Chemist: 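For reference, the structure I am asking about is given below.
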There are 2 protein chains.
Amino acid sequence: MARRKDHTPQQLKALILSSASAMVALHGRDGLTARALASAINYSPGTIYNFYQDMDALILDVNYETLGHLHDFCRLRIAPLPPALAKVSALAYAYVDFAFLNTRAWESVFAPARRSDSDDQSMPLPQYYQDRLAEIFFMIESTLHECLAMPVAVAQPAARLLWACLHGITVLTLNGTLDLVGVDEPHAMIDDLLGNYLAQYLGGEGSEPPGRRI
Amino acid sequence: MARRKDHTPQQLKALILSSASAMVALHGRDGLTARALASAINYSPGTIYNFYQDMDALILDVNYETLGHLHDFCRLRIAPLPPALAKVSALAYAYVDFAFLNTRAWESVFAPARRSDSDDQSMPLPQYYQDRLAEIFFMIESTLHECLAMPVAVAQPAARLLWACLHGITVLTLNGTLDLVGVDEPHAMIDDLLGNYLAQYLGGEGSEPPGRRI
DNA sequence: TATTTAATTGAACATTGTTCAATTATGTGC
DNA sequence: GCACATAATTGAACAATGTTCAATTAAATA
């Protein structure tokens, strides 16, 4: 069968991507195999390779979609909120909530990159993918700028640090490492982190007297 | 050839483990294949399976060793230091430094666990492995307790948070995500984090006036 | 209707982890 | 020393990966 009119090329590529995303979301990166995907969409393995150079390229597109969803998820959560610390918290909550609601997909995005070029050199990420990562950073940075009146020169490194901490909280909570050592709600950890790290930036909004906030 | 006296069983198991560790350290988890390991130690693939149920069990032992090295590395760094904030910093520095000096091995430890039991259920980590993870946590907790006079009830959640943040800083720096968004030295990020998050606990030791420390 | 075009196939190859009957080096008993 | 027993080691074989590409065949075109 060739050029069957079941799907246009665009439709078929979309079908491959969406099915792949579904498989990753359900069974993780390792659950996505060329043969399983092919049979899921009723095509043969070879067809996939007409649209993606290799499985890694497909996974990259899946991860690219996931990053988009993460971005949207966070933006929708914080959009209606007034500029205040609570908005920064909401953004942080959204980040970990998304990871918990989309465990496998999220892991696939942040798993140590397998993108190796047959030698040991790992290939750089394509520009459009880098841009999407940067979008997430900008979301954090601009939220800090907006909510806490941080000058850009301060908001930038603060956003990097905040992202990193958020990321670590998410990872260690997701994989259960923190459970071994006396549980912790990620939201509570975020409260602790923001309440203290950002202490100096908390102006009016009912700021308690100095001291550890729980 | 059977029962060749090249190595006693203990020696052979040690040889397998150390060669596997070397391969992981050099080429990452994916660089460790049964056949490559077998030929590296001049045995056949089957022999490995006399000592490890499967490759995952071997990798777990490799990771267990890596965690031990991480622990030792940090302890040696902070051992001589007097109890003060600088000791907490040194511990944090050591954590990321180790990750940078042992990238592949460290990634193997903290990669999303592949330990799945053929179904979707991921097996729990063996107790001795959990204990070694807990050791790292205790090292952080006791350092906070010792250096900043934190009561245990405070040091415990603080140590979890600090670990998570450290971990995130390490991950996002290692995989280059932060580079895409305006570099940052992990040590500088740690300074920022500790200097502000722990601000309230900084007593004498030349504490600057309140405000963001860089 | 015949011919061209190109999309799709699926068998084939290399490389994984893993198993296990066959092999063979060592230890034991005579 | 020799024969036998023991068990460590082997490596061919199996299933499942990703990936390729000549052959096939449906659709477009003449």
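Nothing here was measured: the structure is a model prediction, and the numbers come from that model. Side chains included, hydrogens not; waters and symmetry mates left out as well; all remaining heavy atoms used. Residue numbers begin at 1 in each chain, while the letters A, B, ... track the order of the sequences.
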Chemist: What does the list of N/O pairs under 3.5 Å between the protein and nucleotides 11-15 of chain C look like, with a distance for each?
Modeler:
residue	atom	partner	partner atom	Å
dA12(C)	N6	Arg35(A)	NH2	3.4

Chemist: Can you work out whether Asp6(A) or His7(B) has the more 5'-proximal nearest nucleotide on DNA chain D?
Modeler: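 Looking at the nearest nucleotide for each, His7(B) comes out on the 5' side.
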
Chemist: Can you check the Gln11(B) CD to dA8(D) P distance for me, whole Å?
Modeler: 15 Å

Chemist: Quick test of your reading of the model: are Glu141(B) and Arg160(B) salt-bridged, counting only N-O distances below 4.0 Å?
Modeler: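 Salt bridge: no.
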
Chemist: Ignoring hydrogens and angles, state whether a donor on the side chain of Asp61(A) or Tyr129(A) is under 3.5 Å from an acceptor on the partner side chain.
Modeler: no

Chemist: Does Thr33(A) reach the main-chain N or O of Ala36(A) with its side chain, forming a donor-acceptor pair under 3.5 Å?
Modeler: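 Yes: the side chain of Thr33(A) pairs with the backbone of Ala36(A).
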
Chemist: Take atom CG of Asp54(B) and atom P of dT18(C), then tell me their distance rounded to the nearest Å.
Modeler: 5 Å

Chemist: Ignoring backbone atoms, establish whether Thr47(A) has a side-chain N or O less than 4.0 Å from OP1 or OP2 of dA7(C).
Modeler: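 For Thr47(A), the contact criterion (side-chain N or O under 4.0 Å from OP1 or OP2 of dA7(C)) is not met.
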
Chemist: Under 4.5 Å between any side-chain heavy atoms of Leu144(B) and Val154(B), yes or no?
Modeler: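 No, side chains not in contact.
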
Chemist: Using the six-membered ring wherever Trp is involved, compare the ring planes of Tyr95(B) and Phe110(B) and label them parallel, tilted or perpendicular (cut-offs 30° and 60°).
Modeler: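 Answer is tilted, since the angle falls between 30° and 60°.
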
Chemist: Establish, for the pair Arg77(A) and Tyr93(A), whether the NZ or CZ atom is under 6.0 angstrom from the six-membered ring centre and no further than 45 degrees off its axis.
Modeler: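 No, Arg77(A) does not lie over the aromatic ring of Tyr93(A).
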
Chemist: Send over the distance from Asp30(A) CG to dG18(D) C1', rounded to a whole Å.
Modeler: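 Whole-Å distance recorded here is 13 Å.
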
Chemist: At under 4.0 Å between heavy atoms, what does Leu12(A) touch on the DNA or RNA strands: base, sugar-phosphate, or nothing?
Modeler: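 Counting heavy atoms under 4.0 Å across all strands, the contact made by Leu12(A) is with sugar-phosphate only.
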
